[in-house]
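Protein chains get the first letters and strands the later ones, always in sequence-line order, with residue 1 at the start of each. All values below were derived from every heavy atom in this structure, side-chain atoms included, with hydrogens, water molecules and symmetry-related copies excluded.
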There are 2 protein chains.
Amino acid sequence: MKNNNKPLTLKKVAEILNCSTATISNAFNRPDQLSAALREKILTECKRIGYHGPNLTARSLRKGESGVIAVLLTDSLAYHFTDPVANQLLQGISEVLEKNNKQLLMLSSATNAQQTSGIEALPDGFIVYGSQDHNPLFERVVQQGKPIITIDFDIDEYPSVNIDNQQAAFDIANHVLEKKPESPAILGLRLIHSDRVCRITDDELFDENESISRRRLDGYLKAAEQHNYQIKSNRIWHVPKNTYELAKQAAHEALTSHPLPDCLICMSDNIASAALNIAREMNIRVPEQLKIVGFDDIPEASRLSPPLTTICQKSREKGKTAALKLIQGKLQDKTILPSQLVIRSSS
Amino acid sequence: MKNNNKPLTLKKVAEILNCSTATISNAFNRPDQLSAALREKILTECKRIGYHGPNLTARSLRKGESGVIAVLLTDSLAYHFTDPVANQLLQGISEVLEKNNKQLLMLSSATNAQQTSGIEALPDGFIVYGSQDHNPLFERVVQQGKPIITIDFDIDEYPSVNIDNQQAAFDIANHVLEKKPESPAILGLRLIHSDRVCRITDDELFDENESISRRRLDGYLKAAEQHNYQIKSNRIWHVPKNTYELAKQAAHEALTSHPLPDCLICMSDNIASAALNIAREMNIRVPEQLKIVGFDDIPEASRLSPPLTTICQKSREKGKTAALKLIQGKLQDKTILPSQLVIRSSS
DNA sequence: TTGAAAGCGCTAACAC
DNA sequence: GTGTTAGCGCTTTCAA
């Protein structure tokens, strides 16, 4: 099974089959350039001698395309594998790529921090997930002049796939505030730049910022206003990353703060799930004593007890849409995908 | 921001900076070949004019290495993103790759089914996850003669990373059978080749097969024997893939079968989680009326109610180990990682 | 320390 | 329908 010979090259194959390299190349790339019979014969022969087609590196150097699509992620790859939302997104992307015979290369700014590998030259296109401020790799990607589509954030010149985060956030906050909780609090994701779980301050509250977190926060606060709530900045927690550990920490802080919240509006299902967990540990009944709502509708959301009220944002669909547009070269517009309030028993 | 110019080439840069291509190349690749001052100057200059280093495709064609490591997966990529175990594995792998400035290429047999892209020529090494019977891509990978390490299965000539599945399965079955259930059943993963959830038959029961599923089954049955249980083949369900939907289906079938099982030995936490879910729906109390144990110790396992008794197999560590060995060229041995029975309240 | 040049494996334009 | 060949961008040997 093991193999230590060098793989065959097109040139050698041409020698063996006693014809020119162009003919072999054509057999693989341009069926119309030679007779079907000859092509068939060459292909069979190649299979027999163990030549599986042209080398990607050489072909890509020559043609300037590789069949590889890259996903550019903000954080470390490892983190994105833990995040259920990123996961669904990647599912959607890879479904489309596989169907279209494209390869998936995962790129993160974490990798190329110091040494540049030049990897950005390889892919034929890029799906960029999440804000890329100060990411040097992103700048090199832009330099390639290849198709780019962004997800969950916008850059003027590039097509993007998004949902209406503000409206969705408004909807879910509106839903839960209609129940007239006495002391609502917000567990927000990536609201500020700190690495720590913490509350935010008044001057941070009205930051101008186009990130999805800020749009969601705006939606929450708009709903609060309509219901005559004033949610102060010290009732808003910042969770730096969407991990279960950090979420638990924030939930614990919130549920041991005074006044005790009877309503937690969470910016991700992951955070909501952690909050549910803490509430159970503290023997706080949900939804009777505490209402909890999430965001995203990850698969786990409907399996929790109680099942989570949340915003269904079809991350998988987002991934599929972005990948499809990229592959089909439909790179004009900004796409807004629908999202939807899903009411379950946690509220 | 958008860029439509072609990226600079080393040759053009040499012209602009008025020196030879070799010097530029050396500045990037071999600092010892030129004065530090000159190198510094070249690097700064390159940055200024927007040359970010040599093109990967060309460099890789020339040097025969790319800085890319591929993970070869059995199923579709999309499936592997849904599977929490694969997920943890990929986390571990990507942690190590990022630390070592390697890129991650995800390859699945699903992609290259028909058309060959030659992608297998690019990576410097391969991490192969899960049995690769009849996978044509795997054969092409082998042909490359590049380093290969396998996870969760073995091929004689190649290094591998595994756990002792039989022992682990024995341990957990032994634990739960000590409670003297009256009617234990097994929910097994990928026991046979069928696509459907179904029970297995007597002649399939003693299949000779080196897959992890069979080793686990052997462990279960060995424990059963020691406790004088005879678990018949019609008490063993086959779940074709580790998805929640299929797991629910199997759990439902098992919990509506006669005699009603009072103990479910599940081959994955995912299956156990689904079983827990069905049990709740049917108002069967766990662990009083029904004991459930899983396998893997995925993060969710400890958050379920009741928390799941399972085998902790540190998938993340498996990924890290494999990636590290591959990168460091430690390709001699078969590694068996420890695993551990974790008793929680589901049993 | 630097420059010239061969060639990695392939594709496509062009000639036959 | 088939063969010849330039050159994609780079690294590295060898000579200066």
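One interatomic measurement links the two molecules: CG of Leu61(B) to P of dG9(C), which rounds to 7 Å at whole-angstrom precision. One interatomic measurement links the two molecules: NE2 of His52(A) to P of dC10(C), which rounds to 13 Å at whole-angstrom precision. One interatomic measurement links the two molecules: CD of Gln144(B) to C1' of dG9(C), which rounds to 13 Å at whole-angstrom precision. Separating the NZ atom of Lys11(B) from the P atom of dC10(D) is a distance of 11 Å, rounded to the nearest angstrom. Taking atom CG of residue Leu10(A) and atom P of nucleotide dT4(D), one finds them 14 Å apart after rounding to whole Å. For the pair Leu8(B) CG and dG9(D) C1', the computed distance is 12 Å after rounding to whole Å. Nucleotide dG9(D) holds its P atom 7 Å from the CG atom of Asn55(B), rounded to whole Å.
The aromatic ring centroids of Tyr158(A) and Phe126(A) lie 6.0 Å or more from each other.
When side chains are defined from C-beta on, Ile155(A) does not count as touching Val128(A), because their heavy atoms never get closer than 4.5 Å. Put simply, the side chain of Leu337(A) does not reach to within 4.5 Å of the side chain of Asn162(A), judged on heavy atoms.
Taking CG of Asp152(A) as the reference point, atom CD1 of Ile212(A) lies at 4.5 Å (rounded to 0.5 Å). For the atom pair CD (Gln88(B)) and NZ (Lys318(B)), the distance works out to 10.0 Å, reported to the nearest 0.5 Å. To the nearest 0.5 Å, the span separating OG1 on Thr57(B) from CZ on Arg59(B) amounts to 11.0 Å.
Around NZ of Lys11(A), the count of heavy atoms belonging to other residues, nucleotides or ligands within 6.0 Å does not exceed 12. The environment of CG in Asp333(B) is crowded: more than 12 heavy-atom neighbours from other residues, nucleotides or ligands sit within 6.0 Å. Environment of NZ in Lys314(A): sparse, with no more than 12 heavy atoms of neighbouring residues, nucleotides or ligands closer than 6.0 Å.
Using a 4.0 Å cut-off on heavy atoms, the residues of residues 12-37 of chain A that approach DNA chain D are Cys19(A), Ser20(A), Thr21(A), Ala22(A), Thr23(A), Gln33(A), Leu34(A), Ser35(A), listed by number. For the contact set between residues 62-69 of chain B and DNA chain D, defined by any heavy atom under 4.0 Å, the members are Arg62(B), Lys63(B).
For dG9(C), neither phosphate oxygen OP1 nor OP2 lies less than 4.0 angstrom from any side-chain nitrogen or oxygen of Tyr51(A).
Residue Arg59(A) has its side chain nearest to dC10(C) when only dC10(D), dC10(C), dG9(C) are considered.
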